[in-house]
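In what follows, every heavy atom counts, from backbone to side chain, and hydrogens, waters and symmetry copies are set aside. Just so it is clear, the model here is predicted, and its values are computed rather than measured.
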Amino acid sequence: MTITDAFLALSARTGRFTYGAPRAYTLAEDGTRLLLLRSTGSEDPVDRLHLLDTATGEERLVADPAALLPGRSGRRDDLPAVERRLRERTRLVAAGIGSYAATADLAVAVFTLDGRLFRTDTTTGSSDELPVAGPAFDPRPDATGQRVAYVTEEAGHGTALYVTPGLDPLSPADGARWGVAEFAAAEELGRARGHWWRPDGGALLAARVDESALPRRHFADPAHPGEAPEDFAYPQAGGPNADVQLWVLGLDGSRTRLHWDADAHPYLCAASWASDHEVLLTVADRLQQNVLLLSADPATGLTRELSRTTDEFWVDDLPGTPARLPGGRLLTAYDTPQARGLALDGKPLDTTGLQIRRVVGRLHGRLLCETGQGDPADQHVHLVDPDGGAPEPLTTGPGVHSALAAADTLLLIAAGPGGIRRTVRRTTRGADGRDGPELPLTDLSAALPYPVRPQFARVTDRELPSAVVYPRDHVPGRRLPVLLDVYGGPGYQAVATEPRRWQLRQWWADQGFTVVTTDNRGTPFVSPDFTRAIFRRFSRAALDDQVDALHALAAHHPDLDLRRVGVRGWSYGGYFAALAVLRRPDVFHAACAGAPPTDFRLYDTAYTERYLGLPQDNPEGYAGDCLLTDAPGLTRPLLLIHGLADDNVHPAHTLLLSQALTEAGRPHAVLPLPGVTHMTPDGMNEQLAQAELAFLRDALG
């Protein structure tokens with residue numbers, strides 16, 4: 001086996017170096033205990049549930065899939081069809097205990113395995129299987145852990161909400177999807193759930209989703225020939241959305257619908273119980289230019305507006321806002337053209353020098369925030385005082401830092417050039433004036449095979465974040481073909497100092513390329529103005545910025561051979577890769593385009609309309625971003641790759657572009673991937689790398 005093959009095989013076996021690492025953390029409300037998932041080692045994908053004492057660092061295994069389901073591997077490919085589809089729908093690719101929910105004190109945790117429902121007493125480590133009406137998913141315990149709400153599929157396309165014990169549905173049998181997040185919410189709005197227990201356990205807040213007006217998309221996947229073709233409702237740009245309602249379903253049989261102007265604000269972005277007598281919900285208009293925080297009376301269903309955030313472009317989601325803090329004060333985002341900040345009751349807080357990325361909790365009365373400060377490739381953690389005063393940094397140095405807190409306990413994750421370190425500590429100072437000791441979390445993942453040293457830079461007058469990776473054996477003066485490894489779309493930052501994301505790029509470099517990655521305008525975390533430059537048109541800013549960055553980098557890196565430039569990407573990155581060779585063949589000489597959305601008129605409502613508006617209101621923008629009309633001009637090698645079970649970017653996108661290229665007589669290659677969704681499995685990713693490498697070597701010489 002060659003060194004090249006050894007890296008790809010190792011990456012596949014270790015889940016790209018994530019198996020054995022802790023994840024999915026939940027802190028008890030008093031901060032004394034921490035639940036997490038972790039497998040038994042670097043080549044074991046099956047996650048088990050562990051409990052950590054945050055004062056002593058003692059950790060115990062509390063639930064093991066192998067003990068609960070003897071003889072089952074727990075691997076994703078071995079799951080029954082129903083469970084596999086449920087996990088794919090929720091983008092859950094982990095095996096074993098993929099996710100769980102727990103009571104506030106972490107005394108009880110619940111989860112599903114193969115559609116079966118389990119409840120674990122975390123003190124004793126004993127688990128009970130609970131009877132269910134059908135394959136269960138998204139279980140949630142009440143405050144005591146005695147009752148569990150879960151969802152199962154019904155005949156047709158509906159779902160029903162159940163509560164244990166008992167096998168009669170709590171939700172009406174009306175053909176709707178009860179207790180789940182609709183496609184737009186789960187994919188684009190950051191809401192992955194559809195039911196919430198009232199604090200006293202006497203009722204559930206439940207989403208009712210009617211998808212009857214939506215067109216349906218179909219899959220006949222050759223990877224699973226014995227299964228019926230999959231089909232699902234898809235909200236296509238310019239077309240109808242799902243009708244989403246919120247109901248309070250009492251365990252006593254009572255039902256109350258919450259009322260807001262859903263015609264004006266159809267998107268339900270978030271919901272929660274503030275108390276037994278109040279529900280908080282966040283709703284948005286279709287173009288997401290107006291976001292409202294509403295208070296609802298669960299007894300009458302009446303709502304009133306607490307805050308309104310407006311933007312002439314779109315309101316970018318700032319996780320953790322809008323929210324009501326203890327005492328009733330309202331926390332909202334506050335954006336200027338150059339910075340993302342926070343406001344309390346409409347008054348801006350002091351976040352000078354920071355880009356607020358997420359509000360993750362509170363610690364000692366202050367807001368715990370993930371932030372940008374200086375170089376956008378780094379992420380830090382700061383405490384922001386809601387009563388005034390300068391922010392306090394909790395992290396230093398390069399890296400992507402994140403955090404979680406409860407009571408006086410702080411979990412910090414630092415992913416930087418030196419690796420990934422996860423620590424938990426109690427922050428109430430003792431008699432010596434010091435915090436409690438830092439306790440490292442056990443990490444059984446494989447060590448990264450080599451350190452990668454990207455050469456970071458901000459280039460052009462737009463200060464585009466960029467990075468260059470050379471082969472480890474590169475000799476200065478030897479010119480190399482360039483591989484642009486790109487995403488370039490909203491919502492994802494490619495240029496960051498998190499170490500794992502550079503491993504595959506180093507592998508590409510070691511195959512004889514100089515790998516270039518640039519975050520063009522439209523990507524997050526530089527500034528609001530930087531992100532909004534794509535308003536009503538995707539392609540122009542992305543293409544201009546990537547070309548300009550490539551030339552600017554070549555001026556400082558003379559070994560970049562701009563006569564041989566390949567480009568590769570997936571999803572929006574696949575769209576950009578195809579766009580690059582179709583419209584700028586003078587710069588880009590070959591492309592591998594994975595799962596590209598070739599015509600945004602066929603993509604989903606919540607994502608596409610946020611940036612491009614409605615197709616009927618912006619036909620020029622949609623036409624300008626569509627790749628199909630560019631097909632006759634293809635003069636460069638192009639490889640189109642698509643998973644045949646992709647329910648995010650439907651395979652029809654690639655089929656239509658391939659058809660247009662064929663009708664125009666333009667040679668191209670197509671690689672279909674049976675059984676592959678938008679989230680490609682680890683092993684398949686490595687096979688794809690080999691296929692792309694062969695294509696690019698042939699195309700670029």
**Report entry** Steps toward side-chain contact (heavy atoms from CB on, under 4.5 Å) verdict (V676, D646)
**Finding:** CA-CA 7 Å; V676 172; D646 191 332; over 6 Å; no
Would you mind reporting whether [Y] and [X] have side-chain heavy atoms less than 4.5 Å apart?
| X | Y | result |
| --- | --- | --- |
| F7 | D510 | no |
| L268 | L189 | no |
| L693 | W507 | yes |
| V291 | D317 | no |
| P597 | F538 | no |
| R584 | Q546 | no |
| I534 | P490 | yes |
| T282 | Y267 | no |

Point-to-point distance, once rounded to the nearest 0.5 Å, from [atom1] of [X] to [atom2] of [Y]:
| X | Y | atom1 | atom2 | answer |
| --- | --- | --- | --- | --- |
| R564 | L700 | CZ | CG | 7.5 Å |
| L550 | T518 | CG | OG1 | 7.5 Å |
| L655 | H653 | CG | NE2 | 11.0 Å |
| D138 | T112 | CG | OG1 | 8.5 Å |
| L696 | R568 | CG | CZ | 8.5 Å |
| Q511 | Q506 | CD | CD | 10.0 Å |

Nearest heavy atoms of [X] and [Y], plus distance in Å:
| X | Y | answer |
| --- | --- | --- |
| S42 | S445 | CB-C, 3.9 Å |
| R177 | G158 | CG-CA, 4.1 Å |
| A689 | L8 | CB-CD2, 4.2 Å |
| P632 | A664 | CA-CB, 3.7 Å |
| A606 | Q288 | O-NE2, 2.8 Å |
| A549 | S466 | CB-OG, 4.2 Å |

Query raised in the report: Aromatic rings F513 and W508: how do their planes relate, parallel, tilted or perpendicular, breaks at 30° and 60°?
Result: perpendicular
Taking [X] for the side chain and [Y] for the main chain, is one N or O donor matched with an acceptor at less than 3.5 Å?
| X | Y | result |
| --- | --- | --- |
| H642 | L640 | no |
| E609 | G238 | yes |
| D519 | Q493 | no |
| T152 | P135 | yes |
| R610 | E188 | yes |
| D114 | R116 | no |
| Q289 | F313 | yes |
| T517 | D485 | yes |
| T654 | P651 | no |
| S171 | L161 | yes |

Requested in this report: Report the C-alpha separation of D243 and V209 in whole Å, then their side-chain angles, then the decisive distance to 0.1 Å, and conclude whether the side-chain contact (heavy atoms from CB on, under 4.5 Å) test is met.
Outcome: CA-CA 6 Å; D243 174 45; V209 178; over 6 Å; no
**Report entry** Derivation of the side-chain contact (heavy atoms from CB on, under 4.5 Å) call for L464 and F530
**Finding:** CA-CA 9 Å; L464 304 170; F530 190 89; 3.7 Å; yes
Query - Inter- and intrachain pairs under salt bridge (charged side-chain N to carboxylate O under 4.0 Å, His left out), touching residues 622-638, at least two apart - result: R537-D625, R583-D630
Report task. Tell me, please, whether Y234 has R217 positioned over its six-membered ring: NZ or CZ under 6.0 Å from the ring centre and within 45 degrees of its axis? Result -> yes
Query raised in the report: Does the ring of W502 carry R505 above it, NZ/CZ under 6.0 angstrom from centre and within 45° of its axis?
Result: yes
Query raised in the report: Hey, which of F535, F600, W314, Y572 is the one that makes ring-ring contact (aromatic ring centres under 6.0 Å, His included) with Y611?
Result: W314
Query raised in the report: Crowded around R286 CZ? As in, over 12 foreign heavy atoms under 6.0 Å?
Result: yes
Requested in this report: With sequence neighbours excluded, give me every side-chain hydrogen bond (donor to acceptor under 3.5 Å, both in side chains) pair touching residues 592-603.
Outcome: D599-R601, Y603-N648
Query - Y607/E187 under side-chain contact (heavy atoms from CB on, under 4.5 Å): CA gap, chis, key distance, verdict - result: CA-CA 8 Å; Y607 176 94; E187 286 285 343; over 6 Å; no
